[in-house]
Q: 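The following block contains the structure, expressed as structure tokens.
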Amino acid sequence: MALYINKNYNKEEQLWMINIAGEIDIYTANQLKETLMKMLDEHNENIKINCLELDYIDSTGLGVLIGALKRLKKENKSIIIINPKKNISKLLTITGLNKIFIIEGE
Amino acid sequence: MALYINKNYNKEEQLWMINIAGEIDIYTANQLKETLMKMLDEHNENIKINCLELDYIDSTGLGVLIGALKRLKKENKSIIIINPKKNISKLLTITGLNKIFIIEGE
Amino acid sequence: MMENTKCIEKVEKKVCDHFSISVPNKPEYVNVVRLTTSAIASRMGFNIEQIEDIKVAIAEACTNAIKHGLCNHNQNFDINFFIDDEKIIIDVIDKGTGFASNEIEKPDLTSPKEGGLGIFIIQSLMDKVEIVSEIGKGTRLQMIKYLGDDI
Amino acid sequence: MMENTKCIEKVEKKVCDHFSISVPNKPEYVNVVRLTTSAIASRMGFNIEQIEDIKVAIAEACTNAIKHGLCNHNQNFDINFFIDDEKIIIDVIDKGTGFASNEIEKPDLTSPKEGGLGIFIIQSLMDKVEIVSEIGKGTRLQMIKYLGDDI
Ligand SMILES: Nc1ncnc2c1ncn2[C@@H]1O[C@H](COP(=O)(O)OP(=O)(O)O)[C@@H](O)[C@H]1O
Ligand SMILES: Nc1ncnc2c1ncn2[C@@H]1O[C@H](COP(=O)(O)OP(=O)(O)O)[C@@H](O)[C@H]1O
């Protein structure tokens, strides 16, 4: 029902680290979109998303991630998704997005 | 959604001990009624109900307890309710049933 | 600008959301209704104790519709939720037997009975309760719970 | 006696329960629908993974009704659940804009887009999906999930 985002830029590795907790759906997706866009405005660098506490993501949320990835790809950067729960892994596999994002710690 | 009942007769104390877990509502109340009636057919003695794991009881469930109490009262026996959760205490107070049952460990 | 925002808020307050469900006349669906109600109430910002009160009250109303109202197994009953910033109004409506709702008695503790607690519990837990019933036509139980401090 | 019981079971199997809800056209109610659906599916005996699949699918269908179907903020959309011993049938119906449902494309991974995943996800998770839509009239998405082993 709610989404919690915690972001941190690692200067040495030139990498965004973010933790996402809760649920990403039509109600909360915009909050994620705004956060990601602001981050990329600051530093257009790789994003590592820790999904350990993410319970749910829907197509709207996946769309937001794809939007961010498209922006990153232009400069050959990427999105790394770590620790997705089983239901989220399943969705990434079904949609084939596991071939577009880098998935770790499944 | 489901109700779990575990009963045990203590010969020395002439006392029924039962643990109730789950929910007592219109869907499960009959299961409790049948168990209590069978118990009282065997030994019409005091019943101590441990409600530590009882999450919910509705008026139908309270009605079943009142029915059993009426049978016991004829022989001056009673029902002792122990460890009720806060929401169940509240219901017992609202309905005044805390004056009819013996409540312990609130 | 401040003024303007306030005005819009006032206008929006008047508009309420209407969520309704039609429920099969069977005990196993009472729990589904409780969970739906819980989701609506928690979304609205009721606290845990208030949510518990609302859940108990709606379960009692559904139980009455099933136990007393409807005889025909294939008939559904209806629940309307009217949701705004201040309160939730819940109507539980059955087109069943109906009863003389002006003759409801308070439970008598000196001679406790197996029945007769449901409506009393609803009245104790909700802020406002109204019952309109007609023999042979059916029953509508309306209950209201206000957000904010318990009254 | 045995024979008799079996017969009654067979007759009852044919009768299905009809649970329906009418939902305000707002994102915050999608979660309420998910929890209601979860309660119905778990009551029916679906396993945890199946329940999760059904929840995801219904949320996608509601999201489409809200995002694409309905423009008017005061309009509700409807969900019908038909429940029997073998399956759940869920209809999500909006009287919104409608679309050319025969032109739905599979997502193209070589050039990923922000949209176009919802219906594909529903089709992947449910056993049967049918969309009937008419421009200007609205859309009905019907999905079926069978109890028992995944097919
Ligand atoms: N929906 C209803 N339809 C018909 N009769 C009802 C309905 N709700 C309540 N009643 C009547 O009011 C009485 C009191 O209801 P209630 O206080 O809930 O106690 P109980 O259900 O335990 O009898 C019931 O016994 C029944 O006769
Ligand atoms: N209920 C609906 N009403 C109108 N159009 C719809 C509806 N559902 C789907 N559509 C159309 O089908 C397209 C594909 O939907 P979907 O696969 O869910 O992806 P997305 O919603 O991300 O665009 C939508 O972009 C929309 O044009």
Side-chain angles (χ1 to χ4, degrees), chain B residues 1-4 21-37 40 47 51 54-74 76-79 81 84-103, chain C residues 23-38 46-70 77 92 94 104-126 129 141 150:
Chain B
M1 251 158 45
L3 175 64
Y4 304 92
E23 305 187 343
I24 311 176
D25 66 2
I26 183 181
Y27 187 60
T28 57
N30 222 32
Q31 185 189 339
L32 178 64
K33 187 175 184 172
E34 279 171 14
T35 308
L36 288 177
M37 290 306 129
L40 297 187
I47 303 179
C51 293
L54 181 65
D55 297 317
Y56 173 67
I57 186 164
D58 77 348
S59 68
T60 317
L62 294 174
V64 168
L65 296 183
I66 293 170
L69 184 69
K70 278 164 86 172
R71 233 180 110 173
L72 284 166
K73 280 286 171 198
K74 283 184 197 151
N76 257 321
K77 312 281 178 185
S78 196
I79 289 180
I81 292 176
K85 288 193 179 164
K86 215 179 127 196
N87 58 325
I88 292 168
S89 283
K90 183 172 179 177
L91 221 55
L92 293 170
T93 308
I94 283 173
T95 52
L97 293 174
N98 58 348
K99 290 173 201 138
I100 296 179
F101 299 112
I102 298 163
I103 319 277
Chain C
V23 188
N25 176 27
K26 292 186 180 169
E28 55 262 46
Y29 287 100
V30 174
N31 194 50
V32 175
V33 173
R34 282 178 68 216
L35 292 170
T36 303
T37 307
S38 172
F46 282 105
N47 66 37
I48 292 175
E49 190 174 349
Q50 290 170 322
I51 294 171
E52 187 63 34
D53 290 350
I54 299 170
K55 282 169 75 174
V56 171
I58 194 150
E60 294 293 344
C62 291
T63 298
N64 278 350
I66 295 170
K67 211 161 52 171
H68 308 297
L70 297 163
F77 63 98
V92 179
D94 70 71
I104 300 169
E105 286 168 19
K106 288 221 164 161
D108 172 12
L109 283 178
T110 59
S111 71
K113 281 185 297 190
E114 280 90 338
L117 290 174
I119 290 171
F120 180 75
I121 290 173
I122 297 172
Q123 286 166 337
S124 308
L125 297 177
M126 300 296 274
V129 179
L141 185 145
D150 279 325

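Lettering of chains follows the sequences in order, A, B, ..., and the numbering in each one begins at 1.
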Q: Hey, could you give me the CD1/CD distance between Ile88(B) and Glu52(C), rounded to the nearest 0.5 Å?
A: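 Going from CD1 on Ile88(B) over to CD on Glu52(C), the span is 8.5 Å.
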Q: Quick check on the structure: residues of residues 64-73 of chain B within a heavy-atom distance below 4.5 Å of chain C, by number.
A: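 So the qualifying residues are Ile66(B), Gly67(B), Lys70(B).
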Q: Please classify the contact of Glu60(C) with chain B as side chain, backbone, both or neither, using a heavy-atom distance under 4.5 Å.
A: side chain
Q: Look up atom CD1 in Ile26(B) and atom CD1 in Ile66(C), then write down how far apart they are to the nearest 0.5 Å.
A: 5.0 Å
Q: Would you say the side chain of Glu49(C) lies within less than 4.5 Å of the side chain of Lys90(B), judging by non-hydrogen atoms?
A: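 Side-chain contact under 4.5 Å: yes.
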Q: Any residues in residues 96-103 of chain B near chain C, with a heavy-atom distance under 4.5 Å, and which are they?
A: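 Listed by number: Gly96(B), Leu97(B), Ile100(B).
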Q: Check Arg34(C) with Glu23(B), please: is the shortest side-chain N to carboxylate O separation under 4.0 Å?
A: yes
Q: Against Val56(C), only a single residue in Asp25(B), Asn87(B), Ile57(B), Leu91(B) fulfils side chain to side chain contact (heavy atoms under 4.5 Å, CB included); can you say which?
A: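 The passing option is Leu91(B).
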Q: Would you indicate whether Lys55(C), at its atom NZ, is surrounded by more than 12 heavy atoms from other residues, nucleotides or ligands within a distance under 6.0 Å?
A: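 Counting neighbours around NZ of Lys55(C), more than 12 heavy atoms of other residues, nucleotides or ligands fall under 6.0 Å, so yes.
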Q: For atom CD1 of Ile48(C), is the number of surrounding heavy atoms from other residues, nucleotides or ligands below 6.0 Å larger than 12?
A: no
Q: If you count heavy-atom pairs under 4.5 Å between each of Lys106(C), Lys113(C), Lys67(C) and chain B, which one has the most?
A: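 Highest number of pairs under 4.5 Å: Lys113(C).
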Q: Below 4.5 Å from any heavy atom of chain B, which atoms of Pro107(C) appear? Answer side chain, backbone, both or neither.
A: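 No part of it gets close to chain B.
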Q: Is there side-chain contact between Leu62(B) and Ile121(C), with heavy atoms separated by less than 4.5 Å?
A: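 Yes; the side chains approach each other to less than 4.5 Å.
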Q: Working to the nearest 0.5 angstrom, can you tell me the gap between Asn64(C) CG and Thr60(B) OG1?
A: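 Reported value, rounded in 0.5 Å steps: 8.0 Å.
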